[in-house]
Amino acid sequence: MPELPEVETIARGVHARVRGDRILDVWFSSKPQPFKNPPALQAKGLEGRTILAVQRNGKHIVVSLGDKPPQPSSKVSGPEVRLPHAVAKSQRLAVPVAKASRPEGRPPHAVPVPVEWIVHLGMTGRLLVTTPDAPIAPHTHARLTLSSGKELRFVDPRRFGRLELRDLAKTGSFVAAGAEPLQIESEPFAALFRGRKLAIKAALLNQTLLSGVGNIYADESLFRAGIRPRRQAGRLSREELERLRLALREVLQNAIRLGGSSVSDYVDANGVRGFFQLEHRVYQRTGEPCLVCKTTIKRITVAGRSTHYCPHCQH
DNA sequence: CATTTCACCTGGTGGC
DNA sequence: TGCCACCAGGTGAAAT
């Protein structure tokens, strides 16, 4: 379901509502599908931590978590760390992350954090902030009880989504493989496609080249750039590639402003639909007239995905 | 190595 | 109403 603008919208919404919250309790479903490392391990790693920030990286949601306070009820422990100190420390740490103005993209974390919880929504995943008494939607796979009384829930009918807890001492901070489409400059963008024989649409969907572009925004940016989806990536002129880069940036920025595209059931962290589907010019408009030239929009298959374009406007 | 295809899942829609 | 084929925002493993 969600591409860069939808994931950005969700990450911003979750960040605004749970930043600074402590995770008191974690419940996971017994389905193995969405868990990249064992759910018991993830639950143990999450419980007790403070949420410092929620950010998008490619199509991934990165939840940065602070240190755990010492367990009060465990065995007799040394007096090294007292609870008030630990609380004060993590709250102090939360400030620079929270205050750092974060437009789009991937700023490095302001402070090192011990673990990150990575949420990938797959095709049908949702990340929702609710009250505890909100009805549990079918296919709810995770419920995090928070100290403010809210719940953070992960719902995913098809289970293509993934949840992963990363220990930063072992793995380092999560960084998506591909370049950020909103940040990349002209020359590095052109270099991504040089010498490549695959269709430009397939290249746009390849997350190791660019991270965050999916089926909707690939089609919409190619239409706005006037480029046919089956053109060989390596044969596009420098001018065409620059048009594509700017069209892609424009379309993603506008989609973020409108809260993403709700094609069927996408909603943000508050359960609110987006509006960019009203701006789609080719995606899922097969058989309808082009909004520019009235030519009938065609549907073909590229890279195994349904692909929509205007035969007159795109060359 | 680069590229393509397919399986992974559930649910909705439209035809018969 | 039921059954079936087909479609869906993604992605990584297997095949070519």
Side-chain angles (χ1 to χ4, degrees), chain A residues 1-11 29-37 56-61 118-128 137-141 154-164 174 176-178 181 191-222 229-235 248 251-252 255-256 258-269 272-287 299-308:
Chain A
M1 144 176 98
E3 306 180 30
L4 186 152
E6 291 76 33
V7 178
E8 178 70 31
T9 302
I10 292 166
S29 75
S30 55
K31 303 275 183 185
Q33 304 306 51
F35 301 101
K36 254 185 131 168
N37 36 26
R56 175 192 64 79
N57 195 179
K59 292 177 190 170
H60 301 260
I61 296 167
I118 309 296
V119 179
H120 193 289
L121 300 170
M123 290 269 268
T124 54
R126 300 180 181 195
L127 196 60
L128 297 163
H139 310 291
T140 296
H141 296 110
F154 174 70
V155 180
D156 183 15
R158 289 176 74 177
R159 279 177 276 141
F160 289 172
R162 290 293 178 266
L163 302 175
E164 179 186 14
F174 176 86
L192 292 178
F193 305 104
R194 210 162 284 150
R196 298 198 176 267
K197 296 219 226 159
L198 78 176
I200 183 62
K201 163 136 180 188
L204 286 174
L205 293 176
N206 182 339
Q207 301 297 300
T208 64
L209 297 177
L210 287 171
S211 51
V213 183
N215 210 30
I216 295 176
Y217 300 102
D219 281 6
E220 292 296 321
S221 60
L222 286 168
R230 284 212 174 112
R231 291 275 305 281
Q232 257 188 41
R235 293 212 173 145
L248 181 58
V251 103
L252 293 172
I256 291 170
L258 294 181
S261 299
S262 288
V263 170
S264 61
D265 59 359
Y266 157 76
V267 289
D268 69 12
V272 177
R273 292 167 57 84
F275 291 94
F276 193 75
Q277 67 279 8
L278 303 174
E279 304 291 321
H280 292 176
R281 299 192 191 161
V282 289
Y283 182 76
Q284 287 194 348
R285 295 196 64 246
T286 312
R299 178 185 180 279
I300 57 177
T301 297
V302 180
R305 315 297 303 280
S306 77
T307 297
H308 317 75

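Every heavy atom of this structure was used, including side-chain atoms; hydrogens, water molecules and symmetry mates were not. All chains are named by letter (A, B, ...) in the order of the sequence lines, taking the proteins before the strands, and each is independently numbered beginning at 1.
Computed from coordinates, the A/I10 CD1 to C/dG10 P distance equals 13 Å when rounded to whole Å. Separating the CG atom of A/N215 from the C1' atom of C/dA8 is a distance of 9 Å, rounded to the nearest angstrom. Atom CZ of A/R56 and atom P of C/dG10 are 14 Å apart (whole Å).
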Secondary-structure string, 5' to 3', Watson-Crick or G-U under 3.5 Å, | for another-strand partners, for DNA chain B
.|||||||.|||||||
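When each of A/L127, A/T124, A/L121 is paired with A/D156, the side-chain contact (heavy atoms from CB on, under 4.5 Å) condition holds for A/T124 and for no other.
Counting 5' to 3', DNA chain B first comes under 4.0 angstrom of a heavy atom of chain A and last does so at the ends given by B/dT3 to B/dG11.
A sub-4.0 Å separation between OP1 or OP2 of C/dA8 and a side-chain N or O of A/S306 is present.
B/dC9 and C/dA14 have their P atoms separated by 15 Å, with the value rounded to a whole Å.
With sequence neighbours excluded, the residues forming a side-chain contact (heavy atoms from CB on, under 4.5 Å) with A/A218 are A/K201, A/L204, A/L205, A/V213, listed by chain and number. With sequence neighbours left out, A/A177 forms a side-chain contact (heavy atoms from CB on, under 4.5 Å) with A/T208. Taking A/R231 as the reference, A/E240 meet the side chain to side chain donor-acceptor pair (under 3.5 Å) condition, with sequence neighbours excluded.
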Quick tally for nucleotides 11-16 of chain C: nucleotides whose base has a protein heavy atom under 4.0 Å get B, sugar-phosphate-only ones S, the rest -, giving B-----
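Heavy atoms of A/S262 sit under 4.0 angstrom from at least one base atom. Contacts of A/G304 with the nucleic acid, taken as non-hydrogen atoms under 4.0 Å apart, are absent. Note on A/Y283: only backbone sugar-phosphate atoms sit closer than 4.0 angstrom, heavy atoms only; bases stay farther off.
Between A/V263 and A/Q284, the closest heavy-atom pair is CG1-OE1, 3.3 Å.
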